[in-house]
Number of protein chains: 2
Amino acid sequence: MDSAPPTPPSSPPSSPWLPFESRRRARDEKREAVLRAAVQLFLEQGYHRVTLNEVAERLNITKPALYNYFRGKDEILFECWSMGAELVDSVITEINAGSGSGLARLRKLVHAYAALMATDFGASLVRFDLRDLTERNAAVARAAKKRIDATFRDYIAAGMADGSIKACDPKLAAFAIAGSLNWIGHWYRRDGGLSPTAIADEFTARLTEGLAAAGPQHTIKKKPGAPQRRNPGRKTTGKKRTGGGTR
Amino acid sequence: MDSAPPTPPSSPPSSPWLPFESRRRARDEKREAVLRAAVQLFLEQGYHRVTLNEVAERLNITKPALYNYFRGKDEILFECWSMGAELVDSVITEINAGSGSGLARLRKLVHAYAALMATDFGASLVRFDLRDLTERNAAVARAAKKRIDATFRDYIAAGMADGSIKACDPKLAAFAIAGSLNWIGHWYRRDGGLSPTAIADEFTARLTEGLAAAGPQHTIKKKPGAPQRRNPGRKTTGKKRTGGGTR
DNA sequence: CCGATATATTACCCGCAGGTAAGAAAAAGT
DNA sequence: ACTTTTTCTTACCTGCGGGTAATATATCGG
C-alpha cells in the first residue's frame, strides 16, 4: 500500500513537499484539529451535551465529514483521552530515565502532573467518563490509569526503601496525592488567578512535605526558572498509540 | 420514626411498593425511596445512561408515577445532590457549634467529609455534573459548594491565627485537601478492601500532618473505637431544604 | 483532459428516552 | 354506597442526535 516514500525517485529539491507526505500530513493535522475542537467542547459543555454538529460547525465543516477521520463520537472521546494519557506516559518515561531518590522522582511527577491537569487533554483524563467508551476502549483506559497509579505507588515505595520518604501506606498516600492532583482538572480555569506553574509548585510542596523523611537532604529545592517546554509530546509523527482505537 | 418495617422477605433496598400489596405509605417515604434508587443508579451507570423507566422499574412502578413526586429527571438529580449537601451542612453546623482549634476543627471536618464521600448521597456531591441541572438549581448547588469550600479555608485561616496550623496559602491548601477528599467519591467501592472509617482516619492524618505547627499539642490523637453512627443526618422530618427545588 | 481516490455535502433514517393525556384503581372522605 | 382525591397505568407524542446513503467537488496520477 503506502510504502514509505523516503525520497522521491527523481524530483530534486525543487519541490521538497511531496504530495504523498503533504497529503497524509494534512490529514493528520485535520484529525488533530478535530480532537482539539472536540476536547474543548467536551470539557466546556460535557460529552453528552455536545453534538457532532457542533463539533463540525466549529471546524467549518459538516457532521458527516467527521466520519472520514473517526468511526463515531465515542472514538473521538477515546482519542482525546488517549492524547492525555500519552502526555502522562511521556512524563513518566522521562522521569524513569533520569535519576533521583524516590522522593525526588515523586516530586517531579507531581509537578508535571499538576501542570498537565491544567491543559485540555490532561483534564480530559479525569473529567471524561470511561463508561462512555466502548468496553474495549474502556479497558485500555483503565489499564493506563492503573499504570499511572502504580507509578505513584512505586515512587513512594522506592522513597521509603531509599529513606527519602518516611513510613506510610503507599496505596493510600498515592490516592491522597493523585486525588488532590486530579481535582485540579475539575477546578482549574484558564482565566482564574492562578498560573499552572504556580499551582504545580505549590502542590508539589504541599503534597510531599508531609511525606519527606526528616533530614537536610530532603528539603525542597526550588528549580530555577527553567521554563518547561510547552507541548512536550509533539515530536514524532508516528507515535505508538496508547492502545489503538479499536472498537 | 422509621421503625423497621415488617419487611418480611423481599429484595435489596426495601421498596415500599412491594408488588401489589400494601401500597400505602407516607408520601415522603416514597419520595425518598425514589431518591435512593435514583442516586444508586446514577452513580452506577451515570446520569445520562439511566432512564426513568429503569428507576421506576427498580421500584416496581412505572415511569409516569415518578411524576407524582418530581417534575422531571433533572429535579430528581438535584434532590439527590441536595441530600448530600444537607449531610455536609449538618456536619459543618455541628463542628461550628463545638469548640477546638482551627486544626482540630479541620481534622473533624476532614474526617467526617471523608466518611461522607463513601456514601451514595455524599458521592453524588462530587460525581454529578451540575450542568445537568436547570440554571436555577445549578446556582443553588454552586452556592452550597462555595460555602463548603469557604469552610475549609476558614478553618485553615483560623488555625493559622490560633497557631495550630503553620503558615500557608489557605486557598491552595483547601484545594489540595478538598480535592483529595472529593476524589474518594470517585474511587471508593463498597466492596473494596478499605472501610470508610479506615479511609477517614488515614486521610485525616495524611492531609493534616503537613499543616500542623510544630508542638506537642498538635499531635494526632486517635479517637477511641466509638463507632460513628451510620446515617448521621436523618433526624428531623421537616428539614429545611438547601434551596428548594425550584425550576 | 481523464479516470481514480479522497473528501465533503445534502438529505434522510430511526431509535431512544423524556415527557404528556386520559383514564383506571385505590384511598379517603361523607 | 356514593363521590372526591390521590396515585398509578396504558398508550402515545415528539425532538433530538448519532449514524448512513447517495452524491457532488476537489486533488492527484497519468
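Every chain is numbered from 1, with letters handed out A, B, ... down the list of sequences.
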Distance, rounded to the nearest Å, where B:Phe70 contributes CZ and C:dG18 contributes P: 15 Å

d(CD, A:Gln45; P, D:dG17) in whole Å: 11 Å

Under the side-chain contact (heavy atoms from CB on, under 4.5 Å) test, residues paired with B:Arg131 that sit two or more places apart: A:Arg49, A:Arg127, B:Asp129

Length of the line joining A:Tyr69:OH and C:dA6:P, which is rounded to integer Å: 12 Å

Phosphate contact (C:dA8 OP1 or OP2) by A:Lys30 side-chain N/O below 4.0 Å: yes

Cationic tip of B:Lys108 above B:Tyr155 ring, under 6.0 Å, 45° of axis: no

Set of salt bridge (charged side-chain N to carboxylate O under 4.0 Å, His left out) partners for A:Arg153, sequence neighbours left out: A:Asp149

Between P of C:dA17 and OH of B:Tyr47, the distance in whole Å: 13 Å

Set of side-chain hydrogen bond (donor to acceptor under 3.5 Å, both in side chains) partners for A:Glu135, sequence neighbours left out: A:Arg142

Any B:Arg27 side-chain N or O less than 4.0 Å from OP1/OP2 of D:dT7: yes

side-chain hydrogen bond (donor to acceptor under 3.5 Å, both in side chains) involving A:Thr62 - partner list, sequence neighbours excluded: none

Contacts of B:Thr51 that satisfy side-chain contact (heavy atoms from CB on, under 4.5 Å) - sequence neighbours left out: B:Asn53, B:Glu54

Near-strand residues of residues 48-67 of chain A, defined as heavy-atom separation under 4.0 angstrom from DNA chain D: A:Val50, A:Thr51, A:Leu52, A:Lys63, A:Pro64, A:Tyr67

Spacing of B:Arg71 atom CZ relative to C:dG19 atom P, expressed in whole Å: 12 Å

Atom pair distance, as rounded to whole Å: CD1 in A:Ile76 and P in D:dG17: 15 Å

Length of the line joining B:Asn68:CG and C:dA21:P, which is rounded to integer Å: 14 Å

